[in-house]
Amino acid sequence: MLTVHVEPDTLAIASSGLVTGVLSLRGEDASFPDDEWNDAPVVVLGWWLEALAPLQSGGTATARCQFMEGPFFFEVSLHGEEMVLRCQQRKHSSTQVVLEGRVLTDVFMQRLVETSAQMITACERRGWTSGDLSRLKALVESARAQMSRNR
C-alpha cells in the first residue's frame, strides 16, 4: 500500500517564502522518488489535492500528480473503491514506471488530507504564512467536505 509521507522536522523556508522538506510516497518496501526526497510539500500537496478532487467527486477516473523537483510524477486511476498509483520518472523522451501500488481511495485521501494538515500546523507553529499555505488550507477544507459527502 502506498501512502503520503512527510517529515515536518525537515521543513525549512527560503527567503522567497517557499517551504521545503522531505516528501515522498512510501510503500512497504520502497519510496518514491526516495526516502529523503526534498521538495516543496506545501505547494506539492496542494497540487495533489487539486488533481485528485475530481476523482473524489466522481468527475473523472484518472489524475496525474507532479512533484515540483525532478522528473517525477504519479498517475492515479480508479478501479472500484481502489486507486492504482503508478509512480513514474521521465527519462529523455520516455517515462519509466518505478513503483506501482494499490490503495483504498478513502484511505489514501484521508492520509493525504492528514499529511496536508500536519504541514499547515508545522508551518503555523513556526510563524510562517504564505499564499501557498492559505491555498493548501482551502484545499484541505474542500477535501474534508467532499470526504464527508462521500460517507
Quiz item: Can the ring centres of Phe32 and Phe74 be said to be less than 6.0 Å apart?
Solution: no
Practice problem: Give a yes or no on whether the ring-centroid distance for Trp47 and Phe67 is below 6.0 angstrom. | Solution: no
Would you say [X]'s side chain and [Y]'s backbone share a donor-acceptor pair under 3.5 angstrom?
| X | Y | answer |
| --- | --- | --- |
| Arg102 | Glu82 | no |
| Ser94 | Arg90 | no |
| Thr115 | His5 | no |
| Ser116 | Leu45 | no |
| Asp34 | Glu36 | yes |
| Thr121 | Ala117 | yes |
| Trp48 | Gln66 | yes |

Quiz item: Should Met147 and Gln110 be marked as a side chain to side chain contact (heavy atoms under 4.5 Å, CB included) after you check the CA-CA gap, both sets of side-chain angles, and the distance that decides it?
Solution: CA-CA 8 Å; Met147 288 165 51; Gln110 181 65 37; 2.6 Å; yes
Just so I know, are the side chains of [X] and [Y] near enough to count as touching, which here means a heavy-atom distance under 4.5 Å?
| X | Y | result |
| --- | --- | --- |
| Glu69 | Asn38 | no |
| Phe72 | Val98 | no |
| Leu18 | Ile13 | no |
| Gln56 | Arg149 | no |
| Thr3 | Val103 | no |
| Val76 | Thr62 | no |
| Leu52 | Leu112 | yes |
| Met119 | Val6 | yes |

Same cluster for [X] and [Y] if Ile/Leu/Val/Met/Phe/Trp/Tyr side chains link at under 4.5 Å?
| X | Y | answer |
| --- | --- | --- |
| Val113 | Val44 | yes |
| Met68 | Trp128 | yes |
| Phe73 | Leu85 | no |
| Val97 | Leu2 | no |

Exercise. Please test Glu75 against Arg86 for salt bridge (Lys or Arg N to Asp or Glu O under 4.0 Å), starting from the C-alpha separation and ending with a verdict.
Key: CA-CA 5 Å; Glu75 292 181 337; Arg86 288 184 183 86; over 6 Å; no
Quiz item: After noting the C-alpha distance and the side-chain angles of Glu50 and Arg64, does the key distance pass the salt bridge (Lys or Arg N to Asp or Glu O under 4.0 Å) rule?
Solution: CA-CA 10 Å; Glu50 193 170 54; Arg64 183 176 176 144; over 6 Å; no
Quiz item: Given Asp39 and Thr20, is the side chain to side chain contact (heavy atoms under 4.5 Å, CB included) satisfied, shown in steps?
Solution: CA-CA 5 Å; Asp39 214 304; Thr20 60; over 6 Å; no
Practice problem: Return yes when atom CD of Glu28 has more than 12 non-hydrogen atoms of other residues, nucleotides or ligands closer than 6.0 Å, and no otherwise. | Solution: no
Practice problem: Carefully, step by step, assess Glu100 and Val84 under the rule side chain to side chain contact (heavy atoms under 4.5 Å, CB included). | Solution: CA-CA 7 Å; Glu100 187 171 334; Val84 174; 3.8 Å; yes
Self-check item: Separation of Gln89 CD from Gln96 CD (nearest 0.5 Å)
Solution: 6.5 Å
Quiz item: If you measure from CD on Glu124 to CG on Leu133, what distance do you get to the nearest 0.5 Å?
Solution: 5.5 Å
Quiz prompt | Worked check of side chain to side chain contact (heavy atoms under 4.5 Å, CB included) between Leu49 and Leu136 | solution = CA-CA 8 Å; Leu49 285 167; Leu136 183 59; 3.8 Å; yes
Quiz item: Of the non-hydrogen atoms in Thr10 and Gly21, which two are nearest, and what is the gap between them?
Solution: OG1-CA, 3.5 Å
Practice problem: Check each of Ser31, Cys87, Cys65 against Leu25 using the side-chain contact (heavy atoms from CB on, under 4.5 Å) test, and report the only one that passes. | Solution: Cys87
Quiz prompt | Member of Val107, Asp106, Thr105 meeting the side-chain contact (heavy atoms from CB on, under 4.5 Å) criterion with Met83 | solution = Thr105
Quiz item: Are Glu114 and Gln118 close enough that a side-chain donor and a side-chain acceptor fall under 3.5 Å?
Solution: no
